Each structure stands twice: as C-alpha cells, then as structure tokens.
Q: 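Let me give you the structure first, and then I'll get to my questions.
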Amino acid sequence: MAGSAYERVYAVVRRIPRGRVATYGQVAELAGLRGPGRARRIGYALHALPPGTTVPWHRVINARGEVSPRRRPGEDLAQRLLLQREGIRFDARGRVPLARVRWRPRGRARATGRPRRPR
DNA sequence: TGCTTGACATAAT
DNA sequence: CATTATGCCAAGC
C-alpha cells in the first residue's frame, strides 16, 4: 500500500503532465530518494508496474534525454512513439530537448532546471 | 542467506 | 560530445 518506496515513485510519475518528461534522477529526488544509485531503483519500480496501470511510465527517461535502451528491443521504441503522440519531438539521435520538455514541478520541490550537485 | 542483475547517474578518458 | 568504468540499492533466484 501507500508508504512504500514504489508507491512514492508512482505518485510522482503520475504528476508528470502530458507532453512533458522527467528523468529518473528527478523522479528519485521528488520521491524522496536522493543520491546516486537511487535512480536505478526508479527503473526497477516502473518495471514492476502491473499491466493496465494508469501510471505514465513512458514519461520517464534518462538524464541524457534519451529513452533508456531496454533489454527487450521494441519496448523502448513503443515508449518513444507514446511520447511523440503527446507532442514530444525526437531528433535524429533519438533524443529530446530536455531544456524544453522537462517537467518543472513548482511549489512542491526544487528540481528547478538547475544543475543539481556541484562537484 | 548470499550472489547476480538492473527502465541509471556521475566522473573520467 | 561519445564511450567506458564505477557506485549505489533493492528485488529476484
């Protein structure tokens, strides 16, 4: 039930508006999981989603602005089509301009389009 | 109970 | 800018 790390992740993904995308790291941070490595769990959580879910999992992509290459060929392609269907354009390299389509949650948390972590 | 894999991220080359 | 190597944590077997 609610309270699980997965539920928090799903809750965040559900807030992603149509036509916008979020990165795994961004979702992880918004879900309360911070730091490197947590992003990996986001993919795991989404993969655990049951069929027929209402969670817009396809709006979650990697930090490169690219659809993560998955083990099953074709799945990533389907994700790309879903995004294109929402008005998101991909360039020849299969990447999306994150600066333009990245979801910017306001008031709820930071993750403003600023680089996260100075080195 | 312990090892391997994984829808990633970051730093280095 | 692309690729390679390493780190992190949890779930699956």
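Computed from a prediction, not measured in an experiment: that's the story for all the values here. Just so it is clear, the values below take in all heavy atoms, side chains as well, and ignore hydrogens, waters and symmetry mates. First the proteins, then the strands, lettered A, B, ... as listed; each starts at 1.
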Q: If I take atom CZ in residue R93(A) and atom P in nucleotide dT3(C), what distance separates them, rounded to the nearest angstrom?
A: 11 Å
Q: Which of the following nucleotides, dA9(B), dA7(B), dA10(C), is nearest to the side chain of R70(A)?
A: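 Nearest to the side-chain atoms of R70(A), counting from C-beta on, is dA7(B).
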Q: Report whether I16(A) and L30(A) are members of the same hydrophobic cluster (ILVMFWY, side-chain heavy atoms less than 4.5 Å apart, transitive linking).
A: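 Result: yes, single cluster for both.
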Q: Of L33(A), V60(A), V27(A), which is the lone residue that meets side chain to side chain contact (heavy atoms under 4.5 Å, CB included) with V12(A)?
A: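 Single side chain to side chain contact (heavy atoms under 4.5 Å, CB included) partner of V12(A) among L33(A), V60(A), V27(A): V27(A).
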Q: Roughly how many Å is it from OH in Y44(A) to P in dC8(C), rounded to a whole number?
A: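 Taking atom P of dC8(C) as the reference, OH of Y44(A) is at 18 Å.
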Q: Stacking between dA9(B) and Y24(A), yes or no? Criterion: centroid separation under 5.5 angstrom, plane angle under 30 degrees.
A: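 No, aromatic ring not over the base.
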Q: For the pair made of CG in L33(A) and C1' in dC8(B), what is the distance, rounded to whole Å?
A: 13 Å
Q: Distance check needed: dG6(B) C1' versus Y6(A) OH, whole Å only.
A: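 Computing the Y6(A):OH to dG6(B):C1' distance gives 10 Å.
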Q: For the residue pair R59(A) and W103(A), establish whether any side-chain heavy-atom pair is separated by less than 4.5 Å.
A: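 R59(A) vs W103(A): side chains apart.
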Q: Using a distance-only test with no angle check, is there a side-chain donor-acceptor pair under 3.5 angstrom linking Q79(A) and R70(A)?
A: no
Q: Can you measure D76(A) atom CG to dC8(B) atom P for me and round it to whole angstrom units?
A: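 It works out to 11 Å between those atoms.
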Q: In whole angstrom, give the distance that lies between atom CZ of R64(A) and atom C1' of dA7(B).
A: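 Taking CZ of R64(A) and C1' of dA7(B), I get 13 Å after rounding.
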Q: With heavy-atom distances below 4.5 Å as the criterion, would you say the side chains of S68(A) and D76(A) are in contact?
A: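 Answer no - side chains too far apart.
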Q: Ignoring hydrogens and angles, does a donor from either the side chain of R40(A) or the base of dG7(C) sit under 3.5 Å from an acceptor on the other?
A: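 Flag set: donor-acceptor pair detected.
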Q: Can a side chain N or O of R38(A) be found less than 4.0 Å away from OP1 or OP2 on dC9(C)?
A: yes
Q: So I61(A) and L98(A), do their side chains get closer than 4.5 Å, heavy atoms only?
A: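 Side-chain contact under 4.5 Å: yes.
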Q: Could you give the CZ-to-C1' distance, from R59(A) to dA7(B), as a whole number of Å?
A: 16 Å
Q: Strictly below 4.0 Å, heavy-atom distances to any atom of DNA chain B: list the hits from residues 77-92 of chain A, or just say none.
A: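 Result for residues 77-92 of chain A: none.
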Q: Just the rounded figure in Å: distance from P of dA9(B) to CG of L98(A).
A: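 Taking CG of L98(A) and P of dA9(B), I get 10 Å after rounding.
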Q: Counting C-beta onward and ignoring hydrogens, is there a side-chain heavy-atom pair between V21(A) and I88(A) closer than 4.5 Å?
A: yes
Q: Hey, is the side chain of R95(A) poking within less than 4.0 Å of OP1 or OP2 on dA2(C), counting only N and O atoms?
A: yes
